[in-house]
Amino acid sequence: MSDIIKPRVLKGFRDFLPGSEIERADLSEKLVMAFRQSGFVPIDTPVLEYAEILLGKAGGETEKQVYRFTDHGGRDVAMRFDLTVPLARFMAEHYDELELPFRRYHIAKVWRGENTQRGRYREFTQCDFDIIGVDSASADFDIVSTIVLAMKTLGVAGATVKINHRGIFNRFLSIIGAETKSADTLRIVDKLAKIGKEETGRLLEQVLGNTAKDELMEFIREDEAFGPTLERITSLAGGSNPDSDRIEQIFAMASAAGQDACLKLAPSITRGLDYYTGVVFETFLDKLPDIGSICSGGRYNNLASLYTKQDLPGVGASVGLDRLLAALDTLNHKAKPHGYTQLLVTMADSRLAPQYQAAAFLARNAGIACEVYPEARKLPLQYAYAEKKGASFALIRGIEENDRNIWLLRKLSSRTMQEYSSLEDAINAVKMG
RNA sequence: GUGGAUGUAGCUCAGUGGUAGAGUCCCAGAAUGUGGAUCUGGUUGUCGCGGGUUCGAUACCCGUCAUCCACCCCA
């Protein structure tokens with residue numbers, strides 16, 4: 001019998017050991033770099049909000065997934081399930097204190113009580129970036145170019161941003177007389193990449209009938225270059241209109257910036273969330289399309305209307321950090337070091353510990369991340385520890401070296417030893433790599 | 001939320017109605033103060049958790065928790 005409480009975490013929630021937390025922090029830092037380079041500034045909002053704020057516009061599905069409870073003061077509260085709805089509240093509350101257009105990024109955890117799968121958790125981190133207060137092609141493209149920059153900064157090769165415009169899609173649905181079945185149709189079309197053409201066609205036929213199905217299948221084809229695809233869907237949607245002009249302008253910017261290769265017009269991308277009103281986009285890894293979109297978003301011109309009469313159009317996107325991490329793990333499963341240490345000062349003999357600590361101080365002052373092994377164990381063990389912590393070098397001085405007044409520097413990767421008559425020289429060698 | 005699979009040593013996994021093994025890892029030694037070979041010895045488990053059937057359960061039954069997969073939805 002024991003009264004020890006079994007340590008465990010909730011379904012869909014996770015601990016992060018240094019190995020994966022270092023990787024997460026690394027990804028997040030790189031994203032921040034990309035956001036700042038594109039003019040975005042950080043904000044934060046509370047984890048808990050009044051339930052009416054978060055659920056004001058939520059559909060039935062979202063509502064079911066939200067963590068919601070009554071707090072100690074009897075308030076009906078909920079944990080944020082994304083960062084966009086809190087942003088809407090934030091903008092409505094503070095728009096007169098902010099410079100518009102307002103570009104913000106927000107990296108934070110969100111919670112959804114849905115079932116788990118690989119890369120899908122109940123607690124996960126979103127990295128949102130939005131431009132609020134303007135409705136223009138340039139703002140739309142800024143989001144796309146920030147996605148592209150972010151992927152580049154992360155060193156992710158082969159990411160494609162798929163873009164579409166809900167307006168064009170809705171015009172087309174009116175023409176084929178399917179506007180009343182818009183919700184069902186959007187949901188089926190959104191699954192094209194996952195279930196394939198045949199199955200999509202079969203499902204659409206049930207909803208729309210055969211003729212409309214064929215027209216729709218023609219509309220959502222995406223096996224051409226940007227220009228011809230745009231021409232096709234524009235004419236199917238009844239000819240040139242402001243929405244197709246918008247897409248055209250965005251593509252012109254992508255071409256001018258030399259980024260048109262990773263931008264694809266995909267008429268089947270619609271996004272499930274009903275607050276999108278303009279362009280929508282999703283980002284896929286060419287090598288790993290199955291994991292789904294790792295960065296999605298779009299334009300929402302009415303988002304803050306729940307909380308203010310101010311007109312606050314916006315456009316933005318969100319990187320799923322955990323999904324991206326799961327993807328990167330699958331792509332390159334090399335073991336990453338579990339630390340930041342560059343140099344390990346080994347403890348060859350505990351009597352010389354003062355010297356080791358002094359050496360560590362010197363190394364840190366020289367800008368080297370450094371630690372002293374805290375007990376005198378066998379050196380091979382200390383080398384292995386050093387490598388696990390990511391160190392490239394080990395500094396050694398035993399009694400014999402002490403008598404000769406030298407330091408030994410071991411390069412761990414090549415397992416070679418070098419003698420130095422002064423500590424400064426050894427530390428310099430570490431700095432040089 | 002619904003359906004399916006899984007849960008045994010730090011890790012990868014065997015196994016059986018009579019309270020457990022292999023490989024690897026780890027530790028000690030051969031070997032002397034400097035890790036990639038070899039050899040010797042050794043440690044490790046409430047067999048996910050709770051209940052039931054049984055003389056006896058890790059194994060059979062029920063429940064529960066967690067993971068993975070599909071649906072749903074999405075990051």
Side-chain angles (χ1 to χ4, degrees), chain A residues 1-2 4-15 17 27 31 58-66 80-84 107-128 147 186-188 190-191 193-195 199 203 269-274 276 280-285 290-297 316-327 335 344 346-349 352 373 376-388 394-403 408-419:
Chain A
M1 266 317 272
S2 121
I4 283 180
I5 298 166
K6 188 184 175 127
R8 53 188 185 146
V9 296
L10 287 162
K11 177 188 177 74
F13 289 70
R14 297 166 297 160
D15 284 329
L17 274 59
L27 275 193
L31 287 173
E61 201 59 46
T62 314
E63 197 146 352
K64 269 187 264 169
Q65 296 180 354
V66 170
R80 63 179 176 220
F81 56 88
D82 74 2
L83 300 176
T84 307
I107 300 180
K109 281 182 173 175
V110 300
W111 295 268
R112 291 182 200 172
E114 66 174 336
N115 244 339
T116 55
Q117 243 173 71
R118 182 165 61 113
R120 304 178 54 165
Y121 310 96
R122 289 185 168 176
E123 178 181 61
F124 58 98
T125 301
Q126 284 197 323
C127 312
D128 274 36
I147 296 175
L186 287 178
R187 187 156 14 89
I188 296 168
D190 213 34
K191 284 194 252 182
K194 194 166 190 179
I195 63 178
E199 185 62 19
L203 291 172
I269 300 289
T270 61
R271 312 282 305 131
L273 279 75
D274 55 5
Y276 292 119
V280 288
F281 22 73
E282 299 195 341
T283 311
F284 293 91
L285 298 177
D290 291 345
I291 198 146
S293 171
I294 51 162
C295 177
S296 313
S318 177
V319 178
L321 193 70
D322 302 275
R323 183 175 285 186
L324 180 60
L325 208 59
L344 179 79
T346 60
M347 185 165 293
D349 193 303
L352 299 178
Y373 198 83
R377 301 188 71 194
K378 293 200 306 190
L379 285 168
L381 225 68
Q382 299 189 38
Y383 298 152
Y385 172 84
E387 276 187 337
K388 274 184 195 151
L395 189 65
I396 302 117
R397 183 180 234 201
I399 293 296
E400 184 190 321
E401 286 79 18
N402 190 49
D403 290 345
L408 292 175
L409 187 65
R410 185 176 183 84
K411 189 168 188 183
L412 293 164
S413 59
S414 63
R415 303 189 176 197
T416 50
M417 209 76 97
Q418 181 83 43
E419 279 191 22

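Protein chains get the first letters and strands the later ones, always in sequence-line order, with residue 1 at the start of each.
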Legend entry - Set of residues satisfying side chain to side chain contact (heavy atoms under 4.5 Å, CB included) with respect to Thr84(A), sequence neighbours excluded: Asp82(A), Asp128(A), Tyr275(A), Tyr300(A), Leu303(A)
Inset, instruction - Would you sketch RNA chain B in dot-bracket for me? Only Watson-Crick or G-U wobble pairs with both distances under 3.5 Å count, crossing pairs as [ ], other-strand pairs as |, the rest as dots. - result: (((((((..((((....[..)))).(((((.......))))).....(((((..]....))))))))))))....
Inset, instruction - Would you kindly compare Asp322(A) and Gln117(A) by the position of their nearest RNA chain B nucleotide and give the one closer to the 5′ end? - result: Gln117(A)
Inset, instruction - Please name all residues satisfying side chain to side chain contact (heavy atoms under 4.5 Å, CB included) with Lys411(A), sequence neighbours left out, ordered by chain then number. - result: Phe393(A), Ser413(A), Ser414(A), Thr416(A)
I'd like a list of close polar pairs between nucleotides 47-51 of chain B and the protein, N/O only, cut-off under 3.5 Å.
| from | atom 1 | to | atom 2 | distance (Å) |
| --- | --- | --- | --- | --- |
| G48(B) | O2' | Lys6(A) | NZ | 2.7 |

Inset, instruction - Taking all heavy atoms of Tyr373(A) and all of Gln382(A), pick out the closest pair and write down the distance. - result: CB-OE1, 3.3 Å
Inset, instruction - Identify whether any heavy atom of Arg8(A) sits under 4.0 Å from a base atom; if not, whether one sits that close to sugar-phosphate; answer base, sugar-phosphate or nothing. - result: sugar-phosphate
Inset, instruction - Sequence neighbours left out, what passes salt bridge (Lys or Arg N to Asp or Glu O under 4.0 Å) with Arg377(A)? Give chain and number order. - result: none
Inset, instruction - Taking salt bridge (Lys or Arg N to Asp or Glu O under 4.0 Å) as the test, write out the residues that go with Arg120(A), two or more places apart. - result: Glu114(A)
Inset, instruction - For Tyr121(A), enumerate each residue passing the side chain to side chain contact (heavy atoms under 4.5 Å, CB included) test, keeping only those at least two apart in sequence or located in another chain. - result: Arg14(A), Asp322(A)
Inset, instruction - Quick one, give me the B/S/- string for nucleotides 26-44 of chain B, reading 5' to 3', where B means a protein heavy atom under 4.0 Å from the base and S means that only happens at the primed atoms, P, OP1 or OP2. - result: -SS----BBBB--------
Legend entry - Which residue lies more 5' along RNA chain B, comparing Ser296(A) with Phe13(A) via nearest heavy atoms: Phe13(A)
Legend entry - With Thr283(A) via side chain to side chain contact (heavy atoms under 4.5 Å, CB included) - residues at least two apart: Ile147(A), Ala159(A), Val161(A), Ile294(A), Cys295(A)
Legend entry - Inter-residue atom distance Leu324(A).CG - Leu31(A).CG, 0.5 Å rounding: 7.5 Å
Legend entry - Distance-only donor-acceptor test (3.5 Å): side chain Arg112(A), base C74(B): no
Legend entry - Residues which pass side-chain hydrogen bond (donor to acceptor under 3.5 Å, both in side chains) with Glu123(A), listed by chain and number, not counting sequence neighbours: Trp111(A)
Inset, instruction - Might you point out which heavy atoms bring Ile269(A) and Phe284(A) nearest each other, and give the distance in Å? - result: CD1-CE1, 4.2 Å
Atom pairs, N/O to N/O, protein against nucleotides 1-8 of chain B, distance under 3.5 Å?
| from | atom 1 | to | atom 2 | distance (Å) |
| --- | --- | --- | --- | --- |
| G1(B) | N7 | Asn115(A) | ND2 | 3.3 |
| G1(B) | O6 | Asn115(A) | ND2 | 3.2 |
| U2(B) | O4 | Asn115(A) | ND2 | 2.7 |

Legend entry - side-chain N/O Thr116(A) vs A66(B) OP1/OP2, d < 4.0 Å: no
Inset, instruction - Using the test side-chain hydrogen bond (donor to acceptor under 3.5 Å, both in side chains), find all partners of Glu419(A) that sit at least two apart in sequence or belong to another chain. - result: Arg404(A)
